[in-house]
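So that the names make sense, note that chain A is the first sequence line, chain B the second, and so on, each numbered from 1.
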Protein chains: 2
Amino acid sequence: MKTTASATKSEMMLESARGLFAEVGYEAASMDLVAKTAGVSKATLYAHFDSKENLFAEILEVENGRPEDGDWLPERFEGDVEGVLRRFARGMARFFVDGRGLAVYRLFVADLHRFPELVARFHAAGPMAMRSRVARLLAQMGERGALAIDDPETAADHLLSLVQGRLPFDRSIGLPPPSEEEIDRRVESALQFFLRGYAPRNSRGER
Amino acid sequence: MKTTASATKSEMMLESARGLFAEVGYEAASMDLVAKTAGVSKATLYAHFDSKENLFAEILEVENGRPEDGDWLPERFEGDVEGVLRRFARGMARFFVDGRGLAVYRLFVADLHRFPELVARFHAAGPMAMRSRVARLLAQMGERGALAIDDPETAADHLLSLVQGRLPFDRSIGLPPPSEEEIDRRVESALQFFLRGYAPRNSRGER
DNA sequence: GTCTATATGAGGATAGAC
DNA sequence: GTCTATCCTCATATAGAC
């Protein structure tokens, strides 16, 4: 079964490259190392991917565009606002402390500027797609009067900025991950602040 | 005047390295290029700085630790809260769109993890020092009853996260700078949101 | 498709003359 | 202190056999 064997090696190479790029960045992930980790020769690696840049682009596209498989970002709002937003905020905070969000964040900031032709596309497929989904959720909460949302996109920016905070930055520079309790503490204070700022207006039009 | 000539060459080298590191990052800023840009030979460069890592550390320490010379972050609070915070927010947004803040942000995220022994010190001297100054300012506003600040450090995190938002990230990956109007629009919405969330409580202890 | 072996070039660092 | 010329390592990429 040639195809199966081929597919397996292909997947090994992709998987190795994915892990190495995310772990050590573009420069430090040499093709030698990728090949060695995947258990193939460099020539084989180059037979599948024309160049290192090419390999990088393919990996990043998959990582970046893959919809978040966690169950913390629902497609539509049901239930109580605070519970839904807390679930989302906790999931996203962890996504940026140890998960794929952190890996993509580092690769974007450290290396994406070298591939100007990829910037717009990846930005739209990654960060902007996430913002759109959050904005849609907040808009639904606004429509039901559970929050006072004038501009969903801006509100989404505010929520995302607050929940991420310094987490991806601190992690990227090499600081150790905060404890679970510390993450939840930060998430909770950001969440309560967000809910205060976007609380529905009362009958006199005040907050 | 040997010393003057020496000092001049020294400064040329430092200035070139500073600009190149900030512009293209650690890897892409080769010692060949630094020397060429400074108008000296590589041997001269190495006579002044033992290694590239050494040069990087010296540059980053100066850039990072230099107190912000802009006049948008006052040492102590006087005047009206909204005006002071608006001035601060606008200054900081621009600092992270085109200024030294952006350069330091990129160097930190992209390259600092390679120098584990520098992380803690630079983090304390840079981002944490900024946070402390903002926290002090917010604490003073809280003491005068102009804002409801329970935890100044956390409030400072919230303000900094909101004002920076996606700006340094977007700029780092290679997106063009937003217009002046766009910056001010984002700053204003972040500011109004912050003021809502930290508005002083009324006589019944409500917001 | 996959391997071993190698071409080619870039970049960090140094030797030795002045 | 400063230069020119050079060493050496390592990384991308390829040639050629199987």
Atom-pair distance ([atom1] on [X]; [atom2] on [N]), nearest Å:
| X | N | atom1 | atom2 | answer |
| --- | --- | --- | --- | --- |
| A:D50 | D:dT12 | CG | P | 15 Å |
| A:L20 | D:dA11 | CG | P | 13 Å |
| A:M13 | C:dC3 | CE | C1' | 13 Å |
| B:F49 | C:dA13 | CZ | P | 13 Å |
| B:M12 | D:dT2 | CE | C1' | 15 Å |
| A:L33 | D:dT12 | CG | C1' | 14 Å |
| B:H48 | D:dC3 | NE2 | P | 9 Å |
| B:K52 | C:dT14 | NZ | P | 15 Å |

Open item on the list: Between B:A29 and A:T44, which residue's closest nucleotide on DNA chain C lies nearer the 5′ terminus?
Closed with: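 Closer to the 5' end of DNA chain C: A:T44.
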Open item on the list: Using a heavy-atom cut-off of 4.0 Å across all strands, would you classify B:S30 as base, sugar-phosphate, or nothing?
Closed with: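 Sugar-phosphate, no base atom in range.
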Open item on the list: Does A:R106 qualify as a cation-pi partner of A:F21, given the criterion of NZ or CZ under 6.0 Å from the six-membered ring centre and within 45 degrees of its axis?
Closed with: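 No, cation not above the ring by the 6.0 Å, 45° rule.
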Open item on the list: Centre-to-centre under 6.0 Å for A:F115 and A:F56, is that the case here?
Closed with: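 Close enough - the centres of the two rings lie under 6.0 Å apart.
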Task: Aromatic ring pairing A:Y198/B:F193, orientation class (parallel under 30°, perpendicular over 60°, tilted between) - done: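 Plane angle between 30° and 60°, so tilted.
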Open item on the list: Starting the side chain at C-beta, find the nucleotide from C:dC3, D:dC3, C:dT14 nearest to B:Y46.
Closed with: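 Of the candidates, C:dT14 comes closest.
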Task: Selection from C:dT2, C:dA13, C:dG12 that lies nearest to any side-chain heavy atom of A:S41 - done: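 Ranking C:dT2, C:dA13, C:dG12 by closest atom to the A:S41 side chain puts C:dT2 first.
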- [ ] Test for a donor-acceptor pair under 3.5 Å between the base of C:dG12 and the side chain of B:K42, counting only N and O atoms.
- [x]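 Under the 3.5 Å cut-off, the side chain and the base do form a donor-acceptor pair.
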TODO: May I ask you to say whether B:E27 pairs ionically with B:R114, meaning some side-chain N is under 4.0 Å from a carboxylate O?
DONE: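 Result for this pair is yes, salt bridge flagged.
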- [ ] Using distance alone, with no hydrogens and no angle criterion, decide if B:H48 and B:S10 have a side-chain donor and acceptor under 3.5 Å apart.
- [x]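 Looking only at side-chain atoms, B:S10 and B:H48 do form a donor-acceptor pair, the distance falling under 3.5 Å.
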Open item on the list: Need to verify one output field. Residue with the more 5' nearest nucleotide on DNA chain D, A:D32 or A:A43?
Closed with: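 Result of the comparison: A:D32.
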